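One structure is given here, and the rest of the page talks about it.
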There are 2 protein chains.
Amino acid sequence: MVTKSELKYIQSLSDKKVRLETGCFIAEGVKLVGEMIAAGYPLKAVYALDSWESPDTSIEVTRIEAFELEKMSMLQTPNQVLAVAMMPQQIKALDLTGQLTLVLDGIQDPGNMGTIIRTADWFGIRQIVASEDTADVYNPKVIGATMGSFMRVSVTYKHLADWMPTVKLPVYGALLAGENIFTTKAPNGGLLVIGSEGKGIRENILDQITHPVTIPKIGGAESLNAGVAAGIIIAQLTR
Amino acid sequence: MVTKSELKYIQSLSDKKVRLETGCFIAEGVKLVGEMIAAGYPLKAVYALDSWESPDTSIEVTRIEAFELEKMSMLQTPNQVLAVAMMPQQIKALDLTGQLTLVLDGIQDPGNMGTIIRTADWFGIRQIVASEDTADVYNPKVIGATMGSFMRVSVTYKHLADWMPTVKLPVYGALLAGENIFTTKAPNGGLLVIGSEGKGIRENILDQITHPVTIPKIGGAESLNAGVAAGIIIAQLTR
């Protein structure tokens with residue numbers, strides 16, 4: 001059983017403002033919640049159908065009915081379990097030396113954002129700095145699309161035009177005219193800036209790019225999907 | 001003005017069976033429909049708001065109201081124009097020599113399917129052979145996600161387990177244990193098989209793979225998004 005006020009609270013977590021105020025966010029589905037429990041991620045509450053078996057019986061679970069899960073879920077097809085999780089209270093300080101840090105400029109689509117976090121995780125990138133208008137990492141759709149990678153990749157939001165000039169490292173950026181990414185040498189450390197599909201890297205940080213790179217086009221498509229382009233460039237620069 | 005029967009017909013085109021029977025499909029939005037008109041793609045009807053300016057005034061346009069467009073549109077935010085287009089009557093015969101042909105095994109997500117077609121187009125791949133349970137290229141969501149690339153990349157549906165043994169060419173396939181894709185030499189021609197995110201390449205065609213390839217993992221993610229993985233591999237094999 002879930003109370004009306006609990007239900008209202010859970011639904012309110014789709015709102016970024018409420019997430020920031022409460023420090024809580026939602027994660028859904030057997031695989032994701034299972035992975036979070038296995039990793040010891042701090043959970044505030046777990047709601048699940050009777051069919052769901054918790055991988056850790058010491059965690060308190062509120063058993064609910066399918067119609068209740070449907071009401072609280074943000075998924076089209078709710079998947080047995082929903083957790084209210086707590087954001088880390090202390091955010092790790094940025095450490096830019098000797099590693100590639102991803103910089104996201106205006107990636108507003110939650111699916112693309114989540115996919116990029118997951119790709120970063122695959123290739124061993126541990127930190128992302130995002131413009132303030134990039135999708136919130138704790139948006140339920142982003143959390144879902146990361147497939148658990150949000151636990152291993154930290155995302156910090158900054159005013160990029162103020163922050164980037166303080167960084168004294170090579171800055172790679174995906175631009176239309178740049179060095180062929182397939183012959184670019186992977187850097188020892190630095191920033192890699194990815195812009196949105198529609199706007200690319202925006203004017204106000206364009207002069208911060210010291211190493212423009214390009215994915216050469218052979219065929220007819222006008223552009224690549226932002227997540228795919230990010231994947232191809234990250235793969236090359238982390239080899 | 002749109003008649004009730006026209007509206008009903010347009011809505012019915014979200015159904016694959018109806019599309020196959022009528023040979024028609026739907027394309028939406030200013031950019032996509034504009035590109036199709038510019039390319040001379042055969043259109044059966046064009047419905048548009050008064051605000052839409054046709055790039056070719058010789059094409060007949062039915063002017064409609066916003067509420068009518070909303071009723072016929074498959075988009076969350078309808079974008080001024082919707083076209084009923086005609087599938088090509090003659091499908092180009094497959095030509096496998098001297099080029100890389102993409103093979104899709106059970107890619108059911110329309111967004112992933114569209115993104116892969118768009119990526120193939122960017123890297124100059126002109127033909128795709130897909131398993132019969134792969135998303136229909138004329139599904140409105142696939143058409144939308146291709147961003148026009150469906151006009152340049154042909155998709156043929158085949159029973160892969162029957163068809164693949166008839167092909168006497170190298171067959172690359174993304175598997176968990178294979179040659180490092182970053183050191184694999186791009187082939188002169190052959191097939192590249194991409195499986196779905198959940199299932200990978202399925203058992204029944206696994207023994208057809210002559211060149212297993214892998215994207216080495218550095219970090220913690222369990223898998224890559226299917227579109228991203230396809231993009232990284234296609235990029236490497238078409239360099």
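All values reported here derive from a predicted model rather than from experimental measurement. The chains referred to below are lettered A, B, ... by the order of the sequence lines, with proteins before strands, and numbering in each begins at 1.
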**Message:** Checking Thr101(B) against Arg126(B) for the side-chain hydrogen bond (donor to acceptor under 3.5 Å, both in side chains) test, could you report, in this order, the C-alpha distance in whole Å, the side-chain angles of both residues, the deciding distance, and whether it holds?
**Reply:** CA-CA 7 Å; Thr101(B) 297; Arg126(B) 279 161 301 180; over 6 Å; no

Would you say [X]'s side chain and [Y]'s backbone share a donor-acceptor pair under 3.5 angstrom?
X: Thr214(A); Y: Leu175(A); result: yes
X: Gln99(B); Y: Asn188(B); result: no
X: Ser14(B); Y: Gln11(B); result: yes
X: Asp121(A); Y: Gly220(B); result: yes

Which of [options] touches chain A most, by non-hydrogen pairs under 4.5 Å:
options: Met147(B), Glu222(B), Glu35(B); result: Glu222(B)
options: Gly231(B), Gly114(B), Ala229(B); result: Gly231(B)
options: Ile234(B), Thr238(B), Val228(B); result: Val228(B)
options: Ala235(B), Ala221(B), Ala230(B); result: Ala221(B)
options: Pro216(B), Gly227(B), Gly111(B); result: Pro216(B)
options: Thr146(B), Ile233(B), Thr115(B); result: Thr115(B)

Segment of [X] engaging chain B (4.5 angstrom heavy-atom cut-off):
X: Arg118(A); value: both
X: Ser149(A); value: side chain
X: Ile215(A); value: both

**Side chains of Asp95(B) and Thr97(B), donor plus acceptor under 3.5 Å** =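 A donor-acceptor contact under 3.5 Å links the two side chains.
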
**Prompt:** Which one of Asn225(A), Asn180(A), Leu224(A) has the most heavy-atom pairs closer than 4.5 Å to chain B?
**Reply:**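 Winner by heavy-atom pair count: Leu224(A).
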
**Message:** Once you measure the plane-to-plane angle for Phe25(B) and Tyr138(B), does it fall in the parallel (<30°), tilted (30-60°) or perpendicular (>60°) bin?
**Reply:** tilted

